[in-house]
Amino acid sequence: MTKFSANLGFLWNDKPLPEAIKLAHQAGYSAVECHWPYQFDADEVKAALQETGLTMLGLNTDRGDVAKGENGLSALPGREAQAQAAIDQAIDYAVKTNTLNIHVMAGFSSGVEAEKTFIHNLQYAADRAKLHNINILIEPLNHYDAPDYFLQTSEQAKGILQQVKRDNVKLMFDCYHLQIMEGDICRRLEKLMPIIGHIQIASVPDRQEPNTGELNYAYVFSKLKELGYSKPIGAEYKPKTGSVDSSWLTEYR
Ligand SMILES: O=C(O)[C@H](O)C(=O)CO
Ligand SMILES: [Mg+2]
């Protein structure tokens, strides 16, 4: 049976996070994940997780000054202090809510110095997260939604992970972004499985319910089953009608 995690950055994101967790549980999700939970009291989030029995699979580091267009800090040379403060904040929240993974956001940058900075900040994050059994994730984003984002492909991510040299830093394989940037999803899943920490889905190209669009997720899920992947898959999509309808879940379970 394929299990799914509700991404509460997109699903029920008009509700307070503790309420969204309960709605995800009622809708039949096996886990939850979020984007930036920091405005919500960690104790209340933890209580909702305990009440529902759901696990929070992931949260993101702060993006920086969003009004100025920032989308992460960890690959920005000269911003190490802020990037590491964002990592500390994420670890603190993850510890309080028993969250399993932290997505360290790179930001808009490019070049050798940006890569060195990203690797250095990832090592900082990995060593601190390890003390709490938390994994660090890095995620390539597609160049339509996040033009000039530092990390754009799984090949680039693999090279970064080889240089970071920490076993608790993994790839967040978002099928939506990687279908747009590289395609060949099933072969890539197979090849990259040893370094994959979490998988996310949405339809391509509209980023809506996964049972529409150019990617055949029934086939992708059968491939994941064949590969022995049994963790919940992150449903990170924008509901077509604006309100969440999880009836697509029954097609894949
Ligand atoms: O947009 C995504 O795919 C993400 O997973 C995210 O964490 C925010 O950029
Ligand atoms: Mg994603």
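First listed ligand is number 1; within each ligand, the first listed atom is number 1. Throughout, numbering of the chain's residues begins at 1 and tracks the sequence.
Using a cutoff of 4.0 Å between basic side-chain nitrogens and carboxylate oxygens, R187 and E190 are not scored as salt-bridged. Here E139 does not pair with K170 in a salt bridge; the nearest charged N to carboxylate O distance is not below 4.0 Å. Salt bridge status for D206 with K240: absent, with no side-chain N to carboxylate O gap under 4.0 Å. The pair E19-K22 fails the salt-bridge criterion, with no side-chain N (NZ, NE, NH1 or NH2) lying under 4.0 Å from an Asp/Glu carboxylate O. A salt bridge links R79 and E70; the closest N-O separation between the charged side-chain nitrogens and carboxylate oxygens is under 4.0 Å.
Applying the 6.0 Å contact sphere to CG of D148 captures no more than 12 heavy atoms from other residues, nucleotides or ligands.
Ranking protein heavy atoms by distance to atom 9 (O) of ligand 1, first place goes to M105 CE, 3.6 Å. The protein non-hydrogen atom at the shortest distance from atom 4 (C) of ligand 1 is E139 OE1, 2.9 Å. Nearest to atom 7 (O) of ligand 1 among the protein's heavy atoms is N60 ND2, 2.8 Å.
Set against the non-hydrogen atoms of H177, the atoms of ligand 1 under 4.0 Å away are 1 (O), 2 (C), 3 (O). Using a 4.0 Å cut-off to heavy atoms of D174, the atoms of ligand 1 that qualify are 3 (O).
Residue contact annotation: Q200 places an N/O/S atom under 2.8 Å from the Mg ion (ligand 2).
Of the listed residues (H35, R207, Q200), the one carrying the non-hydrogen atom nearest atom 1 (O) of ligand 1 is R207.
Heavy atoms of H198 found under 4.0 angstrom from ligand 1: none, in either backbone or side chain.
The atom of E236 nearest to the Mg ion (ligand 2) is OE1, with the search restricted to N, O or S atoms.
Our summary of the site lists the angle at the Mg ion (ligand 2) between OE2 of E139 and OD2 of D174 as 90°, to the nearest 10 degrees.
Rounded to the nearest 0.5 Å, atoms CG (L151) and CG (L171) are 8.0 Å apart.
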